[in-house]
Amino acid sequence: MTAEQDALLNQLRTICGPAAVLTATRDVEPYAVDWKRSFVGSPLCVVRPSNTGEVAAIVAACGMHGASIVPQGGNTGLAGGATPDTSSSQVLLSLNRLSRIRSLDPVGMTVEVEAGAILQSVKEEAAKRDRMLPVSLAAEGSATIGGIVSTNAGGVNVLRYGMTRALVLGLEVVLADGTIVDGLRHLRKDNAGYDWKQLFIGAEGTLGIVTAAVLRLVPTPRHSVTAVLSVAGVETAIALYAKAQSEIGDVLSAFELISGDAIALVEKHAGLKRPIAAGEWFLLIEAGSSLTGLEAAMEALLAAAFEEELALDGVVAASHQQAQSLWALREHVTEAEAREGRSLKHDISVPLTAVPSFLADARAAVANVSGAARLNVFGHLGDGNLHYNVLLGSEDDPAAVNRAVHDAVVRHRGSISAEHGLGQYRVGEWQRTKAAAEQALAHAIKQAIDPAGLFNPGKVLAAPTKGGTA
Ligand code: FAD
Ligand code: MLT
Ligand code: ZN
């Protein structure tokens with residue numbers, strides 16, 4: 001360890017107390033590996049501040065001593081954005097002690113909350129006041145508010161409520177020089193100048209530290225109805241989606257696609273059973289409303305779907321408990337895939353009507369570069385967002401499979417990351433596939449806000465644009 005690093009550690013201990021600065025390998029290890037265990041880093045230390053003032057002082061100290069900062073929330077990200085490099089010189093800044101819900105206003109329908117608060121606890125607090133924070137993902141028991149803001153997380157309700165960005169009314173952030181910017185306004189309308197907070201949403205910790213947010217809440221739907229259907233093909237699934245939009249579009253909150261192969265993995269690893277006959281593809285559809293009549297509307301939609309031969313089989317949940325077991329099939333796919341073995345994640349989006357042609361194109365492209373790969377496809381069909389994941393054979397070259405899938409995405413004018421972000425996992429592919437003018441714009445933003453490359457170097461953008469830190 002250099003004298004400079006030693007001095008930094010002492011300064012961090014002075015700022016937040018010695019117990020909040022972790023350096024022992026066993027203490028640091030859980031923070032140094034990502035959820036999928038694809039990336040393993042080695043930070044100089046983990047620092048756990050308890051308030052925004054401490055975050056600002058830490059940032060200023062790191063800037064002074066030339067140590068870069070890797071912010072981390074719940075460490076559930078799927079792109080390696082929160083994992084440090086292996087240089088043993090980066091400071092891992094964990095936000096998980098900043099976990100207070102500062103206020104919840106059920107009339108103005110806003111919540112002001114610190115970055116380290118767990119998404120699920122904020123949702124539970126809102127539910128007590130008959131309000132809902134409509135970000136729903138299988139990792140919500142660990143993911144934090146700072147994490148969902150910094151990744152602009154999606155999830156299963158984007159169809160109705162939008163990505164996290166659509167819910168952020170205000171942010172408090174700490175900039176590279178340690179300045180605290182207080183933009184915690186509870187306003188639906190605010191056109192007084194540039195909307196700077198948008199830059200930090202989805203920035204994956206590369207522009208500053210999000211320390212608190214004001215989020216928009218929605219009324220909790222009093223009634224909801226959940227159905228699982230099997231369909232013969234994705235074209236049929238899309239025809240059914242168009243029909244669902246026409247019949248129940250204003251109450252439709254989820255339209256998820258799960259391949260038969262993904263369901264088989266869930267049966268194998270999570271011990272769950274499919275509720276309907278085997279099919280090539282399954283759909284999980286949910287609608288919610290404060291008004292009654294939802295069940296009848298869903299039954300009518302399903303009856304029409306069978307009549308028009310859009311659906312093969314289906315079930316509508318008869319109770320809240322049954323709805324939860326239908327959702328469990330969807331929510332266990334990621335974990336089941338992880339248990340099955342080595343997998344390559346692709347988080348792609350294409351225009352909805354291009355999904356069938358993308359699937360055919362990508363399948364052929366993957367087969368071309370890999371003999372043994374198996375597909376595990378599922379995702380948020382209503383958003384045109386598929387997790388086109390590939391279970392690799394032992395001889396398969398991950399980089400070649402990655403390129404094959406992403407080239408198919410580019411041919412369909414899609415995105416190589418719909419919701420998980422670039423982190424460190426997709427930086428190379430972003431460089432390879434993104435237009436030069438768009439890359440230049442991204443570098444110009446980084447240069448303007450974090451010129452020394454203090455925040456999360458090597459994530460989103462390939463390297464610090466100037467200078468660089470240890
Ligand atoms: P982390 O993993 O800790 O960090 C993620 C990124 O944000 C990193 O780049 C980190 O540096 C940065 N960051 C974190 N906190 C801050 C902060 N306060 N200030 C600045 N930067 C910060 N994602 C979806 O979009 N949709 C899904 O449906 C979905 N489902 C998932 C299911 C499972 C089982 C798992 C494991 C993950 C899933 N994810 C999903 C991915 C993940 O949960 C989200 O990306 C989530 O938003 C990450 O939150 P986190 O607190 O764990 O962030
Ligand atoms: C999901 O929709 O379940 C996820 O985003 C997680 C994944 O891609 O595995
Ligand atoms: Zn997803």
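Atoms within a ligand are numbered from 1 in the order they appear, just like the ligands themselves. Position 1 is the first residue of the sequence, and the numbers go up from there.
Annotation: Val156 places no N or O atom under 3.5 Å from an N or O atom of ligand 1; distance criterion only. Note: an N/O pair closer than 3.5 Å links Thr144 and ligand 1 by distance alone. An N or O contact shorter than 3.5 Å is missing between Asn389 and ligand 2 by distance.
Looking at Ile148 against ligand 1, both its backbone and its side chain come within 4.0 Å, counting heavy atoms. Heavy atoms of Val210 found under 4.0 angstrom from ligand 1 belong to the backbone as well as the side chain. When heavy-atom distances to ligand 1 are checked against a 4.0 Å cut-off, Asn456 comes that close only through its side chain, counted from C-beta outward. The proximity of Glu331 to ligand 2, defined as any non-hydrogen pair under 4.0 Å, does not occur for either the backbone or the side chain. Residue-level proximity to ligand 1 for His420 is carried by the side chain, the only part with a heavy atom below 4.0 angstrom. Contacts of Ala82 with ligand 1, taken as heavy-atom pairs under 4.0 Å, involve both backbone and side chain.
Distances from the Zn ion (ligand 3) to each N, O or S atom of Glu419 single out OE2 as the nearest. Nearest N, O or S atom of His380 to the Zn ion (ligand 3): atom NE2.
If you number the atoms of ligand 1 from 1 as listed, the ones under 4.0 Å from a heavy atom of Gly208 come out as 20 (C). When each atom of ligand 1 is checked for a heavy atom of Glu204 under 4.0 Å away, the hits are 9 (O), 11 (O), 12 (C). Those atoms of ligand 1 with a heavy atom of Ala115 less than 4.0 angstrom away are 18 (N). Atoms of ligand 1 lying under 4.0 Å from any heavy atom of Ala153, numbered from 1 in the order shown and given with element: 25 (O), 47 (O). Interface atoms of ligand 1 facing Gln72, defined by a heavy-atom separation under 4.0 Å, are 3 (O). Close contacts between ligand 2 and Glu419 involve ligand atoms 2 (O), 5 (O) [criterion: under 4.0 Å to a heavy atom]. Near Leu95, meaning under 4.0 Å from any of its heavy atoms, are these atoms of ligand 1: 18 (N). Less than 4.0 angstrom separates some heavy atom of Lys345 from each of these atoms of ligand 2: 7 (C), 8 (O), 9 (O). Close approach to Gly205 involves these atoms of ligand 1, each under 4.0 Å from a residue heavy atom: 20 (C), 21 (N).
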Between Glu335 and His269, is the side-chain hydrogen bond (donor to acceptor under 3.5 Å, both in side chains) condition met? List the steps.
CA-CA 8 Å; Glu335 211 167 313; His269 295 290; over 6 Å; no
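Distance from atom 6 (C) of ligand 2 to its nearest protein heavy atom, with residue and atom name: Thr334 OG1, 3.2 Å. Counting protein heavy atoms only, atom 7 (O) of ligand 1 is closest to Ser150 CB, 3.5 Å. Of all protein heavy atoms, the one closest to atom 25 (O) of ligand 1 is Gly154 N, 2.9 Å. In this structure, atom 8 (C) of ligand 1 lies nearest to the protein heavy atom Gly81 C, 3.4 Å. In terms of protein heavy atoms, atom 3 (O) of ligand 2 is closest to Arg330 NH1, 3.0 Å. From the protein, the heavy atom lying nearest to atom 1 (P) of ligand 1 is Asn75 N, 3.6 Å. When hydrogens are left out, the protein atom nearest atom 53 (O) of ligand 1 is Gly147 CA, 3.5 Å; that is the closest non-hydrogen contact. For atom 35 (C) of ligand 1, the nearest non-hydrogen atom of the protein is Ala139 CB, 3.5 Å. Scanning the protein heavy atoms around atom 4 (C) of ligand 2, the nearest turns out to be His387 NE2, 3.5 Å. Considering only non-hydrogen protein atoms, atom 5 (C) of ligand 1 sits nearest to Thr151 CG2, 3.6 Å. Counting protein heavy atoms only, atom 11 (O) of ligand 1 is closest to Pro71 O, 2.6 Å. Among all protein heavy atoms, the one lying closest to atom 8 (O) of ligand 2 is His420 CE1, 3.0 Å.
The closest approach between any non-hydrogen atom of His380 and ligand 2 is below 4.0 Å. Remark: distances from the non-hydrogen atoms of Leu78 to ligand 2 include one below 4.0 Å.
Of all heavy-atom pairs spanning Arg102 and Leu184, the tightest one is NH1-CD1, 3.3 Å.
Nearest-residue assignment for atom 29 (C) of ligand 1 (options Ile209, Leu119, Leu137; heavy-atom criterion): Leu137.
The Zn ion (ligand 3) has His387 among its coordinating residues (N/O/S atom, backbone or side chain, under 2.8 Å). When distances to the Zn ion (ligand 3) are checked against a cut-off of 2.8 Å, Asp347 contributes no N, O or S atom below that limit.
Aromatic ring centres of His387 and His420: separated by under 6.0 Å.
Counted within 6.0 Å of CZ on Arg363, heavy atoms from surrounding residues, nucleotides or ligands total 12 or fewer; the atom is thus considered open.
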